[in-house]
Amino acid sequence: MPERRVPRARRFLVCEPRHFAVQYAINPWMHPDTQVDVDLARDQWRTLIEAYRSHGHTVESVEPVAGLPDMVFAANSALVLEGRVFGSLFHAEQRRPESTAYDTWFKTAGFDVYRPESVCEGEGDLVPTGRYVLAGTGFRTTPQAHREVQEFFGVPVIGLQLVDPYFYHLDTALFVLDEDTVAYYPEAFSPGSREVLARLYPDAVLATRADALAFGLNSVSDGRHVFVAPGATALTEQLAHRGYVPVPVDLSEFHKAGGGIKCCTQEIRS
Ligand code: ARG
């Protein structure tokens, strides 16, 4: 019998996809001539929010800004730990104004916001686990930003080198299941980083390329329920086998922009 997993209620910040579109290409998933089905995108996104709420999570929302089609990807706006907000500085010029919109939300909600000096895309590349912040680099967030994160939070930051452009953010290749475990796609990382992950998480769930391409690693876990892309079938089976409860939510319209469930979800940790 797998062990009984215990969920913990979370506080999430999201952004409605009112202005969502694919208008430029800053990762290999994006093709500027792609038509997004706006109604379907809105329905898929609402299904995710409903799934969070019905599992006991709090969801707050930042007002979307016209002309910022990627603003729906709330995870990139910051890393929030112990009520402290480390803001973002986007790699792509097109996304830079998003930082200000999110900073305004955080300030209104009563948080101070630290503005990074180096390129840093929030929880897209910064993944807090029980003891460390795992930090991706290679495509977006810089190693200089990793150092800023460590200095700001005083938490050990473990740098991980991403090598496959399809998995350009750490949260497309790895997610945290609970305090002790992660799931990841090993080939998205350099050999040395793979070894680091194997040492830190000998019991990790290892996903296939098919799972990763289905955005299965862009999942959100509350310690028991895993909100996961339905196309990640092998991963879903492994999760169930380990006693997690997969909650499939299809965000296929957002895959066209290179994003999935986790990308649409910023966690506010107090
Ligand atoms: N189109 C967006 C970009 O390339 C997608 C961001 C996805 N977010 C994430 N946390 N992986 O920046």
Side-chain angles (χ1 to χ4, degrees), residues 12-17 19-36 41 44-45 48 62 64-65 67-80 86-99 101-102 116 119-128 133-142 145 149 160 162 164-176 182-185 188-189 207 211-221 227-229 232 249 251-268:
F12 294 136
L13 177 63
V14 298
C15 178
E16 190 202 312
H19 307 295
F20 174 59
V22 179
Q23 290 171 348
Y24 46 78
I26 55 172
N27 68 53
W29 301 89
M30 300 177 89
H31 304 286
D33 49 354
T34 302
Q35 277 306 313
V36 168
Q44 290 180 334
W45 184 85
L48 175 66
V62 55
V65 175
L68 298 179
D70 273 335
M71 196 177 160
V72 64
F73 299 117
N76 303 143
S77 67
L79 170 65
V80 187
F86 187 98
S88 54
L89 174 58
F90 283 88
H91 177 73
E93 199 60 52
Q94 296 95 326
R95 295 198 66 186
R96 291 207 163 174
E98 293 179 35
S99 301
Y102 277 96
V119 166
C120 190
E121 300 201 350
E123 287 195 299
D125 278 319
L126 303 170
V127 177
V133 173
L134 302 180
T137 190
F139 299 99
R140 304 285 180 92
T141 300
T142 59
V149 170
L160 298 169
L162 295 163
D164 181 333
Y166 278 93
F167 310 110
Y168 57 93
H169 270 148
L170 180 57
D171 75 355
T172 62
L174 176 147
F175 74 100
V176 174
V182 300
Y184 65 98
Y185 168 52
F189 299 91
D211 287 328
L213 287 171
F215 284 86
L217 295 163
N218 198 243
S219 295
V220 170
S221 167
F227 303 88
V228 59
V249 180
L251 291 192
S252 58
E253 285 307 294
F254 299 90
H255 298 177
K256 296 174 177 175
I261 293 171
K262 174 59 207 170
C263 301
C264 291
T265 314
Q266 168 70 228
E267 184 170 346
I268 302 180

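Remember, it's 1-based here, ligands and their atoms both numbered in the order they're listed.
- Taking every non-hydrogen atom of A257 and a distance limit under 4.0 Å, the qualifying atoms of ligand 1 come out as 1 (N), 2 (C), 5 (C).
- Using a 4.0 angstrom heavy-atom cutoff, W29 does not count as in contact with ligand 1.
- Within the 6.0 Å centre-distance limit, the rings of F20 and F254 are counted as a close aromatic pair.
- S252 and Q44 form a side-chain donor-acceptor contact under 3.5 Å, judged by distance and modelled atom types alone.
- N76 pairs in a side chain to side chain donor-acceptor pair (under 3.5 Å) with only one of the listed residues (R95, E123, R140), which is R95.
- Within the 4.0 Å heavy-atom criterion, neither part of F90 lies near ligand 1.
- In terms of protein heavy atoms, atom 10 (N) of ligand 1 is closest to D171 OD2, 2.7 Å.
- Residues V228 and V249 form no side-chain contact, since every pair of their non-hydrogen atoms from C-beta on lies 4.5 Å or further apart.
- Taking distance alone, with nitrogen or oxygen atoms compared against 3.5 Å, N218 stays at or beyond that limit from ligand 1.
- A search for side chain to side chain contact (heavy atoms under 4.5 Å, CB included) contacts involving P64 returns C15, E16, R18, H19, not counting sequence neighbours.
- Atoms of ligand 1 lying under 4.0 Å from any heavy atom of N76, numbered from 1 in the order shown and given with element: 6 (C), 7 (C), 8 (N), 9 (C), 10 (N).
- The G124 neighbourhood of ligand 1 comprises atoms 10 (N), with distances under 4.0 Å to a heavy atom of that residue.
- Inspection of the E121 and H91 side chains reveals no N or O donor paired with an N or O acceptor under 3.5 Å.
- For R95, every heavy-atom contact with ligand 1 shorter than 4.0 Å involves the side chain, none the backbone.
- Of all atoms in ligand 1, numbered sequentially from 1 with element shown, those under 4.0 Å from a heavy atom of M30 are 1 (N).
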Step by step, work out the side-chain hydrogen bond (donor to acceptor under 3.5 Å, both in side chains) result for S88 and S99.
CA-CA 6 Å; S88 54; S99 301; 2.9 Å; yes

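- Where the criterion is an N or O separation shorter than 3.5 Å, residue side chain and backbone included, T172 fails it with respect to ligand 1.
- Contact atoms of ligand 1 toward G258: 7 (C) (distance under 4.0 Å to a heavy atom of the residue).
- Between the side chains of D164 and Y185, no donor-acceptor pair of N or O atoms lies under 3.5 Å.
- The shortest contact between atom 9 (C) of ligand 1 and any protein heavy atom is with C263 SG, 2.7 Å.
- Near R140, the atoms of ligand 1 lying under 4.0 angstrom from a non-hydrogen atom of the residue are 3 (C), 4 (O), 12 (O).
- Closest heavy-atom contact between C263 and G258: SG-O, 4.4 Å.
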